[in-house]
Amino acid sequence: MSGSEARLKAISAVNSYQPLSAPLNFAETSIGELFGTNVFSLKVMKDRLPKSVFKAVVKTIDAAEPLDASVADTVASAMKDWAIEKGATHYAHVFYPLTGITAEKHDSFLVPDGQGGALSEFTGGQLIQGEPDASSFPSGGIRATFEARGYTAWDVTSPAYILENPNGTTLVIPTAFFSWTGEALDKKTPLLRSMKALNTQAQRVLKVFGAKNATLVTASCGPEQEYFLIDRNFYFARPDLIATGRTLFGAPPPKGQEFADQYFGAIPDRVLACMLETERELFKLGVPVKTRHNEVAPSQYEIAPIYENANVAADHQQLTMLTLKKVAEKYGLCCLLHEKPFAGVNGSGKHCNWSLGNSTHGNLLDPGKTPHENMQFLVFCAAVIRAVHKHAKLLRAVVAHAGNDHRLGANEAPPAIISIFLGDQLADVFEQIKKSGSAATSKQPGLMNVGVDTLPPLPKDAGDRNRTSPFAFTGNKFEFRAVGSNQSLSGPLVALNTIMTESLDYIATELEKATGGDTSKLAGAVQVLLKQIINDHGAVIFNGDGYSQEWQDEAAKRGLPNLKQTIDSLTAITEKPVIDMFEKYKVLSERELKSREEIYFEQYVLTLNVEAKMTHEIAKTVIYPHAVRYQSELAAAAANCKAAGVGFDATILGKVTDLIKSLVDKIGALEHVLPGHGGHGVANPKEAAGNCYKNMKPAIIAVREVVDELETVVADDYWPLPTYQEMLFIK
C-alpha cells in the first residue's frame, strides 16, 4: 500500500467510523461492580477457601511469610473451579523474561480419564511450579542453548486473573522465572528479592524510632503510561513502524506541537471510545486506572493508575501495555509504545511514581504539614537523597536502551544527569539542616486568589513543580521520570528498592550506634546524621532548569555523571560497588548482574541492526525507485518543453538529481556497516554496541537526512510512505 492509498483509507475510516457494538453501559454495571470481576482476589478466596487456608495465604501476602505448600492443592482446586465457572479451558503461567516483554505457557485443564472421557484437573503442584523452555530466552551466559530447563514459580502476592478472548478464557497465574541453577532469568524474581531486602532495613529504622510490631514495609508504584494512537492503515503502510516500532523516516509536518493545542484537549470520539473500552477491560482485571488525557504531541495520550504494591504494579503495567494494543485494534487504531515513534515531537515515557510505607505507619515519604518537625520523614527522605547521589549511574543504567536514547534530554524528558528536585519547602528545610544542624520552620502553603469573584480562594502548594527533573519529589512520593514508555517497570524498581535498602541499612546502623537503644538520644543522633548526609550528598539536589547549559556546567562541577548514551551507561550495572551492594542484600548475584549487562548490550546491538537493515531496505527498494520515477517525469517534462521551444525551470530537477545521488552514496555507506558486511560482527556485545553507536547509527541518520529532504521535494502522488502530517493529524 502506498502512502496515498493509506491516507485515503485512513480518511475513509475516520469519516465513516461507527462504534463496533452498542456503547458500553457503565450505568447497568457500575465501575464498583465491574472492578476485579476477573481476579482471583482476596474476596474471592475468602468466599471459596477454608478459613485456615485463607489465613495462610493472607499471611504470605501481608507478612511475606513462606507459603505452606500443603495448602496449595486446596487453593488450586478453588482457583480451577472459579476459572471454569468463568469459561476457562486452560491455565497459563505468565512470566517476564529479560526481553522485557510478557511470556506465557498455556496448558489445558483436561486430562483423559482412560475411559474415553476427560476430567478437569489442576493440582497444587501445577499451580506452584511450571517448566517452560529456558533455552531460547536471553540469559547472558547463565544458560547455554543445550541447557533448556527453566522453572516458573507461583507468585502468591500477585493475584491470578482471567484473560478473555472471543473464543474462551484462560486462567493466568503470575510467576517468577528462573533457571535450573536457581538463578533469576526474569524481571520479577529480583523485584521480589528487593522488596524483601527493603522491608528488612526499613523495619530496623522504624524500630529505632520506637515502633513495635510494625507491619510489612513495601514499595509502592503508580506508573504514568504515555503512548501514541494512529490509524492502522498508516501502520501497515510503514514497514519501519512494523519492524522497529518507530518511523525511521519522516520530514517535519508544517504544524507540529508548537500551538500546544493537543495537550489536555478534547479527546476525539474514536480515541475516547478506545480508551473507555481499555479502561473497562483493565477494571475487570483489577488494574486501578485513574487518569486519561491527551498528551503534548499530536495523537499522543496518557493513562495512569493509582498506587499499588510495586510488584503488583509492575505486573499490572505489563497488562496495561498488552490491553492498550489489543483494544486499539478493535477501533482501527495502532498503539505505539516506542519512546520516540516520531522525530521532532514529544516522545513517550513511563513516569515511575515511587514511595514506601506500611499499614501501621502509612506513607513513609509523607512530610505532613510541618516537615521540619517530622523527624521520621526527614530520615527516610535523607535516605533517598543519599541513595540517588551514591547510585546515580545505576539509575541512569536501568533506563538505558536504544529507544530511550532518542528521548532523554529532549524537551519533554529529563536530562541524562540524575538529580533530585525537592521543591521549595523541602529544599529550605534541608538547607536549614545543612547550615545549623536543625530546621526551625517549614514554608507553608497559602491561598491563591485569581481575581474572579465567582471562584473561591484556592489552596496553593508550598512549592512549584519541576518537569525537567529526572527524580522529583511531588508531595508524598518521588517521580522517576526517566523511565521509557516501552520498558518494564521492574528494572527501575529493583534499583530504587536496592539503593534505598543500602541507605536505610547505613542509617539504621548509625542511629543504633548513636542511641544504643535509648530513645532520649534519638533527636540528637538524627540531627547529626541528617547534617552529615546533606553535606555529603546534597550535591544531587537541584531545583532549577535541567535543560539549561548552566546546569550541565554546574553538574560537572558537582561531580554528577552525565551519561547521554546507552553504551556509556550500562557498564554501571557491573561496577564493583554495585555488585557488592546487590550481593550483600541478596537481590542479584555478580553472575546475574553480568548476565544482564551482556543482555542489554546485545539488545542494543540487535535493535540497531534491525533499524539499519530496515533503513537500507526502505531507502533502496521503496524511496529510491519513487524518487527516480519523479526525476524521470521532470526530465521528460524538460525534454518536451525544450522540443516545443518552451522554457523550463530545472531547479527542482537539479535538486532531485543531487539528492538521489547523495541517497545512493549514503545507502552504499550504510551497506558497509550492515550486519555481515564487516561493520560490527564482534562476538563481544559490549564491543559490538560501541561499533554500532560509532559506525552504524551515524550511517542510519545520514540516510534519513537525505530521505527526509527528498520528501519535501518529490511530488505528493509519488511519495510512497504516509507522512507525519497524515499519521499524526488524521484521527
Side-chain angles (χ1 to χ4, degrees), residues 21 24 28-58 60-61 67-95 102-132 151-177 277 280-287 312 315-316 318-319 322-323 326-327:
S21 57
L24 301 176
E28 181 180 329
T29 304
S30 69
I31 294 175
E33 294 175 287
L34 189 69
F35 191 82
T37 51
N38 281 352
V39 180
F40 194 67
S41 61
L42 285 174
K43 182 178 183 302
V44 174
M45 284 192 274
K46 186 175 183 179
D47 292 340
R48 291 175 174 264
L49 295 176
K51 187 176 293 185
S52 60
V53 173
F54 175 69
K55 285 183 176 180
V57 174
V58 170
T60 296
I61 296 171
L67 180 70
D68 183 350
S70 66
V71 310
D73 280 331
T74 305
V75 175
S77 178
M79 194 182 287
K80 178 200 71 176
D81 292 345
W82 171 80
I84 289 175
E85 288 172 19
K86 289 186 168 290
T89 58
H90 290 66
Y91 66 92
H93 277 199
V94 65
F95 56 101
T102 300
E104 54 195 43
K105 178 189 177 186
H106 294 225
D107 288 290
S108 173
F109 286 125
L110 292 184
V111 176
D113 64 2
Q115 300 177 15
L119 301 172
S120 293
E121 181 180 274
F122 185 53
T123 66
Q126 291 168 320
L127 168 63
I128 288 176
Q129 182 176 320
E131 189 185 343
Y151 298 105
T152 52
W154 176 34
D155 175 12
V156 187
T157 64
S158 187
Y161 56 89
I162 293 291
L163 193 64
E164 294 181 337
N165 180 277
N167 286 331
T169 69
T170 303
L171 171 66
V172 180
I173 302 154
T175 63
F177 179 50
E277 183 159 350
R280 183 182 177 89
E281 293 304 307
L282 291 172
F283 287 150
K284 289 192 286 187
L285 294 168
V287 182
V312 176
D315 288 359
H316 279 171
Q318 296 291 123
L319 264 178
L322 288 172
T323 306
K326 183 172 71 172
V327 175

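The residues of the chain are indexed from 1 along the displayed sequence.
- One N or O on the side chain of Q126 and one on the backbone of T123 form a donor-acceptor pair closer than 3.5 Å.
- With T169 contributing its side chain and E164 its backbone, the two residues share no donor-acceptor pair below 3.5 Å.
- Side chains of D155 and T175: a donor-acceptor N/O pair is absent below 3.5 angstrom, by distance only.
- We find the CZ-CG distance between R280 and L34 to be 5.0 Å, quoted to the nearest 0.5 Å.
- With T60 contributing its side chain and A56 its backbone, the two residues share a donor-acceptor pair below 3.5 Å.
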Evaluation steps, ring pair (Phe, Tyr, Trp, His ring centres under 6.0 Å), between F109 and Y91: CA-CA 7 Å; F109 286 125; Y91 66 92; 5.6 Å; yes
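- A donor atom on one side chain and an acceptor atom on the other are found under 3.5 Å apart for Q318 and T102.
- We find the NZ-OG distance between K46 and S41 to be 11.5 Å, quoted to the nearest 0.5 Å.
- Classification of K326 and E281 as a salt-bridged pair fails, no side-chain N sitting under 4.0 Å from a carboxylate O.
- Taking CG of L67 as the start and CD1 of I128 as the end, the distance is 6.0 Å to the nearest 0.5 Å.
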Taking distance alone, no hydrogens or angles, what donor-acceptor pairs closer than 3.5 Å link side-chain atoms of residues 72-81 to residues at least two apart or in another chain?
from: D73; atom 1: OD1; to: G124; atom 2: N; distance (Å): 2.6
from: K80; atom 1: NZ; to: S120; atom 2: O; distance (Å): 3.4

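- Two residues are said to be in side-chain contact when any heavy atoms from C-beta on lie closer than 4.5 Å; Y161 and I173 fail this criterion.
- Note on ring orientation: taking the six-membered ring where Trp is involved, the planes of F35 and F283 are tilted (angle from 30° to 60°).
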